[in-house]
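Quick caveat: nothing in here was measured; it's all calculated off a predicted structure.
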Amino acid sequence: MRCLKCQNSAVITLQHGALCRNHFLSYFEEKVFKTIQKYQMISRDDRICIATSGGKDSLTVLYLTRKYLEKNNIPKETLLALAIDEGIDNYRQTTLEDLKKFCQEHDVPLQIVSNKEEFGHTLDEAYPIVNKDSNKKPCNICGVWRRYLLNKHARKHGATKVVTGHNLDDEAQAVIMNIFKANTKLSANLGPVSGVKEHDLFVQRVKPLYFCSEKETRLYTVLMEFQVDFTECPYASEGFRAHVRDMLNDFEHKYKGTKQGIINSFLAILPLLKEQAQEYGEIKRCVKCEEPANNEICNACKIKEALQHG
Amino acid sequence: MNITVHFEKEQTTKDILLTGTSVNDLLEQLKINPETVLVVRNKEVITEDEILSENDNLQILSVISGG
């Protein structure tokens, strides 16, 4: 296959045609920069914290956010990479090593926060105890703790935005998962700029890779020669998400544009979901930790309590 | 034709007797969804319609990572 723009050998076939290495890199970067601009994800006065793990998505978003700041003469001195060490054996240590090296090379300070230090347990230790009574999957615990720590530490840093590496596949999966489980309320928090209401305790999360597929993102890291070792979370196959992911990939293979179609449809109804979500009640402060919560006790502290009783 | 394939995810290398001619044929034979991988030959990423040659050495990189 030849590039539709220059006739060189193509590296990917997209819906609108095939692209060579150089044209793909320009296409990908332009798409990310346009997303940042369209949704006003980054402004001159923002202090930015990038949620990182050392995987392909977070390294890409870290690199491109930094490039965007440079391109637009926005000061990058306040940029901080924030990583959560969940405490998953034979997994996170590898990606964190890649991340440390990457941050050093690109001159971005890195802060690593661990579940063990914050909650007294690694995910490996917490999961069997919490699962015994609640039947919670590791991804449920991991997701709650990760969001809690990212928000808390980004706020401590004085961040006004948390940039995450969520891509088109992640978002399409989340939309479908919420539909399958009738979680309309959760869907209102999705979108390129997350959150429903502005709140002092919440740092707004933005997703510059929102319109980039997982395949495009991996290709970008390969062509840019970022050091990304293949690692898959040992718990990934246990999750509901893995089933939805496989289903969507099957659909995408048979019917090109499925994932983009899901996102376009979702974006068309998102304003209505956000409007409806305004009625869901005020955000409270957790009585245990004083972090934001929907109920009297936040979900992170509920898991902590389950560990104490288990 | 005979080709050698290194699988990144499994960290294994296998000699494969390919019954078809293209990357698409190979992925179909291996029951791999093209949406989930990138195929590399001589350090260059190639598209699914690419025709393979005897004794080609390929790498199959997984697109899916993380949790």
Side-chain angles (χ1 to χ4, degrees), chain A residues 1-3 9-13 18-21 24 53-58 86 88 91-92 95 123 138-139 142-143 146 165 169-170 213-219 221-223 225 228-239 241-242 245-246 248-254 256 258-259, chain B:
Chain A
M1 188 81 75
R2 297 275 143 191
C3 173
S9 295
V11 291
I12 192 164
T13 313
L19 292 175
C20 67
R21 177 190 184 278
F24 170 75
S53 65
K56 67 178 192 317
D57 304 305
S58 70
E86 303 92 343
I88 303 171
Y91 172 57
R92 187 52 78 212
T95 68
L123 183 68
C139 303
C142 186
R146 184 201 296 257
D169 289 53
D170 296 326
S213 73
E214 190 148 40
K215 185 162 178 161
E216 288 174 338
T217 311
R218 180 71 211 267
L219 178 59
T221 62
V222 170
L223 299 178
E225 297 181 12
V228 184
D229 284 331
F230 175 80
T231 46
E232 191 173 32
C233 173
Y235 296 121
S237 60
E238 290 191 31
R241 181 180 284 273
R245 178 188 72 197
D246 293 345
L248 289 183
N249 279 331
D250 281 345
F251 263 84
E252 185 70 36
H253 179 46
K254 287 176 191 139
K256 286 274 171 232
T258 295
K259 294 172 197 169
Chain B
M1 77 177 90
N2 293 293
I3 54 168
T4 305
V5 181
H6 177 73
F7 298 87
E8 180 196 40
K9 190 175 174 181
E10 294 81 8
Q11 284 296 309
T12 55
T13 303
K14 284 180 188 166
D15 291 325
I16 306 226
L17 181 62
L18 177 63
T19 49
T21 56
S22 67
V23 171
N24 247 331
D25 295 332
L26 171 70
L27 296 179
E28 209 174 296
Q29 186 175 325
L30 296 172
K31 295 188 169 52
I32 295 174
N33 182 340
E35 286 305 313
T36 63
V37 291
L38 294 173
V39 180
V40 177
R41 180 174 59 189
N42 301 328
K43 294 189 174 171
E44 286 189 357
V45 180
I46 54 176
T47 49
E48 284 98 52
D49 65 314
E50 198 72 29
I51 301 299
L52 299 172
S53 307
E54 180 77 22
N55 297 326
D56 260 350
N57 225 307
L58 305 177
Q59 251 187 304
I60 294 188
L61 307 181
S62 179
V63 159
I64 299 160
S65 61

[X] [atom1] to [Y] [atom2] distance, which is reported to the nearest 0.5 Å:
{"X": "B/His6", "Y": "B/Leu61", "atom1": "NE2", "atom2": "CG", "value": "8.5 Å"}
{"X": "B/Lys9", "Y": "B/Ile64", "atom1": "NZ", "atom2": "CD1", "value": "6.5 Å"}
{"X": "B/Ile51", "Y": "B/Asp56", "atom1": "CD1", "atom2": "CG", "value": "11.0 Å"}
{"X": "A/Arg92", "Y": "A/Ser53", "atom1": "CZ", "atom2": "OG", "value": "5.0 Å"}

Please look at [X] and chain B and tell me whether the side chain, the backbone, both or neither of the residue comes under 4.5 angstrom of a heavy atom of that chain.
{"X": "A/Ile88", "answer": "neither"}
{"X": "A/Lys254", "answer": "neither"}
{"X": "A/Asp250", "answer": "both"}
{"X": "A/Val11", "answer": "both"}
{"X": "A/Leu219", "answer": "both"}

Assess the side chains of B/Ser22 and B/Asn24: does a donor N or O sit below 3.5 Å from an acceptor N or O? no
Looking just at side-chain N and O atoms, do A/Thr13 and B/Glu48 make a donor-acceptor pair shorter than 3.5 Å? no
Counting heavy-atom pairs closer than 4.5 Å to chain B, which one of A/Thr217, A/Asp57, A/Asn249 comes out on top? A/Asn249
Among B/Val39, B/Thr36, B/Val40, B/Leu38, residue most engaged with chain A (heavy-atom pairs, under 4.5 Å): B/Leu38
